[in-house]
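Here is the structure we will look at, set down as structure tokens.
Residue numbering restarts at 1 for every chain, and letters A, B, ... go by the order of the sequence lines. This one's a predicted model, so the numbers in the text were calculated from it and none came from an experiment.
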Protein chains: 2
Amino acid sequence: METTREKLINATFDEVFSHGYQGASLSDILAKAGVHKGSMYHFFANKKELALASIEETILQKNAEKYRYVETYTSGFLEEFYTRLRDTSVRDFKRGCPIANIVQEMSNIDEDFNTLMKSIYGAFRANIKAILDKAIEVKEMQPCDTTKLALFITSTIEGAILAAKASGNAQDYVDVIEELIVHIERKR
Amino acid sequence: METTREKLINATFDEVFSHGYQGASLSDILAKAGVHKGSMYHFFANKKELALASIEETILQKNAEKYRYVETYTSGFLEEFYTRLRDTSVRDFKRGCPIANIVQEMSNIDEDFNTLMKSIYGAFRANIKAILDKAIEVKEMQPCDTTKLALFITSTIEGAILAAKASGNAQDYVDVIEELIVHIERKR
DNA sequence: GCACCACTTGACTAATTGGTCAATTTTGGT
DNA sequence: ACCAAAATTGACCAATTAGTCAAGTGGTGC
């Protein structure tokens with residue numbers, strides 16, 4: 001069963017993902033969660049702490065799941081990575097990427113959001129770098145500066161999601177990803 | 001001299017660029033512009049119309065200036081493009097890219113914003129495509145699908161700006177751009 | 001000198017915002 | 001059964017929000 005705190009974390013993430021932090025209404029979050037105001041203030045000091053906790057816990061958990069496979073594999077790192085990149089079913093092109101949304105909205109406005117998003121985006125880059133390092137380790141790829149390549153890949157992925165959101169056309173994401181894979185394949 | 005309308009357009013763009021549309025306070029915009037409320041409502045029907053006009057006029061004008069050179073050149077299209085891409089002085093990595101910011105915040109929330117941003121992002125892609133087509137025309141580049149390449153380039157640029165905003169490190173932008181240029185150079 | 005009109009002023013409203021808090025109910029330990 | 005702590009309820013508050021509007025100003029054409 002979902003605890004009150006979990007209800008709040010989930011409703012907040014969805015509401016912030018849909019309307020942004022500033023656009024997210026506390027009353028709407030409470031209505032969606034089915035939790036009363038005072039109850040929420042029992043668990044969180046204010047709207048900001050609620051949002052920060054919601055973003056951190058939700059995204060870190062999703063990411064841990066998403067990249068766990070790297071630990072369990074012994075080969076085929078790039079192929080598996082491409083497969084997951086190509087999988088559009090896990091994407092929400094209407095709302096975009098939750099990380100990018102919050103970075104864009106809040107990084108220059110609030111220091112606490114800035115700090116959190118820095119660490120989340122950093123973790124994203126680290127996850128991609130770990131895949132590349134594994135690929136090099138098992139000779140699926142030539143040695144190269146994986147920090148920079150991971151930066152390039154994450155940037156292009158975020159750009160691809162943005163392009164699809166802007167045009168309303170998921171194919172734009174696919175097209176960018178295919179070109180990105182061509183680029184990575186040149187490092188074989 | 002700046003007209004009242006221009007004052008409003010400029011103050012609004014700056015305020016929306018800094019705090020987002022939803023985070024932009026009408027009172028703050030009016031204070032910054034030095035214009036009274038009723039005066040603003042004489043020119044614009046509401047906050048949304050003000051913001052839409054401000055975004056459209058400001059970005060379209062900036063873009064027209066930025067890519068005018070393509071018309072006047074007869075060669076060196078790619079080199080000039082790279083020089084401009086590498087120029088970090090025109091970038092505001094704290095606030096990011098005004099286009100991306102608004103797309104992220106508003107495209108899935110409001111149909112009018114969605115329509116406007118679709119056309120602005122489309123114009124951005126068309127401008128890059130025009131450069132590539134010119135480059136191919138004068139044999140600086142092998143013929144290729146310039147629509148897709150332009151999509152890839154714009155995506156990567158937006159991702160690069162986002163990465164620099166997230167990390168607070170302008171070097172991230174530079175690193176992504178250099179890798180992007182390597183990719184484009186392979187099409188020579 | 002007067003009539004017209006674009007523009008300006010700023011007080012006002014209704015709705016919503018995030019936040020407070022005292023009273024109450026529920027829970028778990030002994 | 002009893003008690004204390006944890007959790008819940010919902011009325012209330014001050015501040016801010018976008019938006020309205022009647023009254024006024026100043027310039028232009030006649």
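Less than 4.0 Å separates DNA chain D from no heavy atom of any residue of residues 101-115 of chain A.
Side-chain contact check for B:Ile102 versus B:Ile59: every heavy-atom pair is 4.5 Å or farther apart. Within the 4.5 Å cutoff, no side-chain heavy atoms of B:Phe77 are placed close to those of B:Glu137. Taking the side chain as every heavy atom from C-beta outward, A:Lys62 and A:Phe13 approach each other to under 4.5 Å. B:Met117 is listed as a side-chain neighbour of B:Ile99, based on a closest heavy-atom distance under 4.5 Å.
At least one side-chain nitrogen or oxygen of B:Thr4 sits closer than 4.0 Å to the OP1 or OP2 atom of C:dT8. Residue B:His36 places at least one side-chain N or O under 4.0 Å from the OP1 or OP2 atom of C:dG10.
For A:Lys48, the NZ atom sits in a packed shell: over 12 heavy atoms of surrounding residues, nucleotides or ligands are nearer than 6.0 Å. In this structure, B:Lys148 places its NZ atom where only 12 or fewer heavy-atom neighbours from other residues, nucleotides or ligands lie under 6.0 Å away.
Going from atom CD1 of B:Ile109 over to atom CD of B:Gln22 covers 4.5 Å, rounded to the nearest 0.5 Å.
A distance of 6.0 Å or more separates the ring centres of A:Phe152 and B:His183.
A straight line from CD1 of B:Ile29 to P of D:dG19 spans 11 Å, rounded to a whole angstrom. Atom-to-atom, CG of B:Leu30 to P of C:dT9 comes out at 11 Å; the value is rounded to the nearest Å. One interatomic measurement links the two molecules: NE2 of B:His42 to C1' of D:dT25, which rounds to 13 Å at whole-angstrom precision. Between the NE2 atom of B:His19 and the P atom of D:dT17 there is a distance of 11 Å, given to the nearest Å.
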Any protein N or O atoms within reach of nucleotides 18-21 of chain C? Criterion: under 3.5 Å, listing atom names and distances.
| residue | atom | partner | partner atom | Å |
| --- | --- | --- | --- | --- |
| C:dG18 | OP1 | A:Ala24 | O | 3.2 |
| C:dG18 | OP1 | A:Leu26 | N | 3.4 |
| C:dG18 | OP1 | A:Lys47 | NZ | 3.1 |
| C:dG18 | OP2 | A:Leu26 | N | 3.0 |
| C:dG18 | N7 | A:Lys37 | NZ | 3.2 |
| C:dG19 | OP2 | A:Tyr41 | OH | 2.7 |
| C:dG19 | OP2 | A:Lys47 | N | 2.9 |
| C:dG19 | O5' | A:Tyr41 | OH | 3.2 |
| C:dG19 | N7 | A:Lys37 | NZ | 3.0 |
| C:dG19 | O6 | A:Lys37 | NZ | 3.1 |

